[in-house]
Colleague: 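Pasting a structure below so you can have a look.
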Amino acid sequence: MAICLSSASLSLPKHHPLISTPQSLPRNRRSPIPRRSSNDPNEDYLLDAPVSVGDGFSFSGGKYSDEPSPADEWLKQGKFVKAHPVGGTGEKAKDPIFGLAMGASSQASTDLFRWFCVESGNAGNPPVILIHGFPSQAYSYRKVLPILSKKNHAIAFDWLGFGFSDKPQPKYGFDYTLKEYVDSLESVINVLSKDKVILVVQGYFSPVVVKYAKDHQEKINNLILLNPPLTVAHANLPSTLSIFSNFLLGEMFSQDPLRASDKALTSCGPYKMKEDVAMVYRRPYLTSGSSGFALNAISRSMKKELKVHFSANSFPFAL
């Protein structure tokens, strides 16, 4: 089994205009555009509008439009697979702040978790599974999938807690520990492919994938790591991510769609993220509070467990 380490990161820009002055919506008359996020007439905003509509940001980051969004188009390209048993007692999840029962969209499956994945290429070709980093989505591989599909069966999936996959409330079936991620990765890979696979993983999820590869070498053809943390120094999350692990402040900031998606993704490099792309990454945080609670839990696990992982392994990627 070969391992490839790459310093190329899927990083995004430090500066990008998120909110413009709402000049296009006159204040003295009501906008003719319906403002709904669903069929509920009591809701007063819509999500994922094109930039042409104007500013329109509501408190939760929605935009006034009923036009199809890039997130809708991405969802149409994929499918859901069920893998890894749901733990816990089966009790309905409650939010950790007020203890109120969460809505149906914030409840995970009751038997096996739902994973969103996008496939490209002939299923008879050698499988390559693309695994996104923290905090990203399978959408980050959207331009790579068609290229790899020429010779491979390329598959990208959203981790539990990200994108369109289930986002179980911590303590209600999944606690987002690194061990749970290793176990769940085994389950989803077994569902996605019965053959040996090539694994490509980016960033802070590299230790999870390496642990899986070490324990299941019979399933691995090649392992490619993009910008992985390599030393104890790399175990420290950047401030834009570690802030989500803070007590109370982390719970608050993880519910802010712009801070949870845009700021976390654009603080790591020079790549400029376009508005229509940014709306795809914001989408989970706009539609369900469970996305923020998952981000909060993952940040705490990463902050604590990565240091233990690297302290126990002088070179953690040695198989």
Side-chain angles (χ1 to χ4, degrees), residues 83-103 105-110 112-116 131-138 157-185 187-188 201 203-209 211 229 235-261 263-265 281-309:
H84 194 64
V86 178
T89 62
E91 180 185 358
K92 293 293 184 181
K94 299 177 181 178
D95 80 78
I97 299 177
F98 300 105
L100 301 175
M102 302 182 72
S105 63
S106 297
Q107 300 290 343
S109 303
T110 57
L112 299 172
F113 288 117
R114 295 165 297 196
W115 302 65
F116 177 73
I131 303 173
H132 69 78
F134 168 63
S136 188
Q137 297 179 32
F157 67 80
D158 287 331
W159 282 110
L160 294 178
F162 294 92
F164 289 106
S165 290
D166 270 346
K167 304 166 190 68
Q169 182 67 16
K171 299 181 181 179
Y172 291 90
F174 196 82
D175 290 334
Y176 299 99
T177 65
L178 296 189
K179 182 183 184 306
E180 285 177 306
Y181 269 124
V182 173
D183 293 340
S184 65
L185 178 62
S187 296
V188 75
V201 58
Y204 283 105
F205 273 118
S206 296
V208 170
V209 178
K211 180 66 169 73
N236 295 316
L237 295 177
S239 59
T240 50
L241 294 180
S242 64
I243 194 169
F244 298 117
S245 66
N246 294 345
F247 174 70
L248 192 58
L249 196 62
E251 279 90 347
M252 294 170 58
F253 283 175
S254 63
Q255 296 299 324
D256 179 345
L258 301 184
R259 185 179 288 272
S261 58
K263 189 167 184 178
L265 291 168
Y281 289 106
R282 294 172 196 155
R283 179 65 170 266
Y285 302 97
L286 293 170
T287 56
S288 173
S290 61
S291 300
F293 293 132
L295 177 62
N296 178 240
I298 297 165
S299 300
R300 289 177 175 172
S301 290
M302 288 278 187
K303 186 175 182 180
K304 176 182 178 181
E305 297 184 48
L306 282 178
K307 292 181 180 179
V308 175
H309 172 82

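Keep in mind that the numbers below use all heavy atoms, side chains included, and drop hydrogens, waters and symmetry copies. In this chain, numbering begins with 1 at the start of the sequence shown.
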Colleague: Could you tell me whether Lys211 and Glu180 have a side-chain N and a carboxylate O separated by less than 4.0 Å?
Modeller: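 Glu180 and Lys211: not salt-bridged.
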Colleague: If you round to the nearest 0.5 Å, how far is CD1 of Ile243 from CZ of Arg259?
Modeller: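 Answer rounded to 0.5 Å: 5.0 Å.
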Colleague: Just by distance, do the side chain of Asp166 and the backbone of Leu160 share a donor-acceptor pair under 3.5 Å?
Modeller: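 Looks like no, no N/O pair under 3.5 Å.
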Colleague: If you look at every heavy atom in Asn246 and Glu251, which pair is closest and at what distance?
Modeller: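 Result for this residue pair: O-OE1, 3.7 Å.
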Colleague: Looking only at heavy atoms, what is the nearest atom pair of Ala264 and Pro135, with distance?
Modeller: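 Shortest heavy-atom contact: CB-CG, 3.9 Å.
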Colleague: Do the side chains of Pro284 and Phe162 get nearer than 4.5 Å, heavy atoms only?
Modeller: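 Side-chain contact under 4.5 Å: no.
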Colleague: Who pairs with Phe174 by ring pair (Phe, Tyr, Trp, His ring centres under 6.0 Å), at least two apart in sequence or on another chain?
Modeller: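 With neighbours one apart ignored, the set is Phe113, Tyr176, Tyr181.
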Colleague: Distance check, rounded to the nearest 0.5 Å: Met302 atom CE versus Asn236 atom CG?
Modeller: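 Answer rounded to 0.5 Å: 13.5 Å.
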Colleague: Any sub-3.5 Å donor-acceptor pair from Gln137's side-chain atoms to His132's backbone N or O?
Modeller: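 No, the answer is negative, given that no donor and acceptor are paired below the 3.5 Å cut-off.
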Colleague: Applying side chain to side chain contact (heavy atoms under 4.5 Å, CB included), name anything that partners Lys171, two or more places apart in sequence or on another chain.
Modeller: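 Only Asp175 meet the side chain to side chain contact (heavy atoms under 4.5 Å, CB included) criterion with Lys171.
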Colleague: Just to verify, what does Ser299 make a side chain to side chain contact (heavy atoms under 4.5 Å, CB included) with, not counting sequence neighbours?
Modeller: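 Listed in chain order: Phe134, Phe244, Ser245, Leu295.
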Colleague: Sub-3.5 Å donor-acceptor pair from the side chain of Trp115 to the main-chain atoms of Ala83, do we have one?
Modeller: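 Answer holds: yes.
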Colleague: So, do Leu258 and Tyr285 sit near enough that their side-chain heavy atoms are less than 4.5 Å apart?
Modeller: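 Result no, sub-4.5 Å side-chain heavy-atom pair not found.
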Colleague: For a 4.5 angstrom cut-off between non-hydrogen side-chain atoms, does Gln255 reach Phe293?
Modeller: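 Yes, their side chains come closer than 4.5 Å.
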Colleague: Do Leu185 and Ile131 have side chains that get closer than 4.5 Å, going by heavy atoms?
Modeller: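 Yes - at least one pair of side-chain heavy atoms lies under 4.5 Å apart.
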Colleague: Measuring from Leu237:CG to Lys307:NZ, what's the distance to the nearest 0.5 Å?
Modeller: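 These two atoms lie 8.5 Å from each other.
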Colleague: Output yes when a side-chain donor or acceptor of Lys263 lies under 3.5 Å from a complementary backbone atom of Ser261, and no otherwise.
Modeller: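 The answer is no, because no donor-acceptor pair under 3.5 Å joins these two groups.
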Colleague: Looking only at heavy atoms, what is the nearest atom pair of Ser254 and Ala260, with distance?
Modeller: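 Distance-wise, the nearest heavy atoms are O-CB, 3.9 Å.
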Colleague: So do Ser136 and Phe205 actually touch side chain to side chain, heavy atoms under 4.5 Å?
Modeller: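 Answer no - side chains too far apart.
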Colleague: How far apart are the C-alpha atoms of Asp183 and His84, what are their side-chain angles, what is the distance that settles it, and do they pass the side-chain contact (heavy atoms from CB on, under 4.5 Å) test?
Modeller: CA-CA 8 Å; Asp183 293 340; His84 194 64; 3.9 Å; yes
Colleague: Rounded at 0.5 Å granularity, tell me how far CG in Asn296 sits from OG in Ser291.
Modeller: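 Rounded to the nearest 0.5 Å, the CG-OG separation comes to 12.5 Å.
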Colleague: State the CG-CG distance between Leu265 and Leu241, to the nearest 0.5 angstrom.
Modeller: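 Answer for the CG-CG pair, Leu265 versus Leu241, is 8.5 Å.
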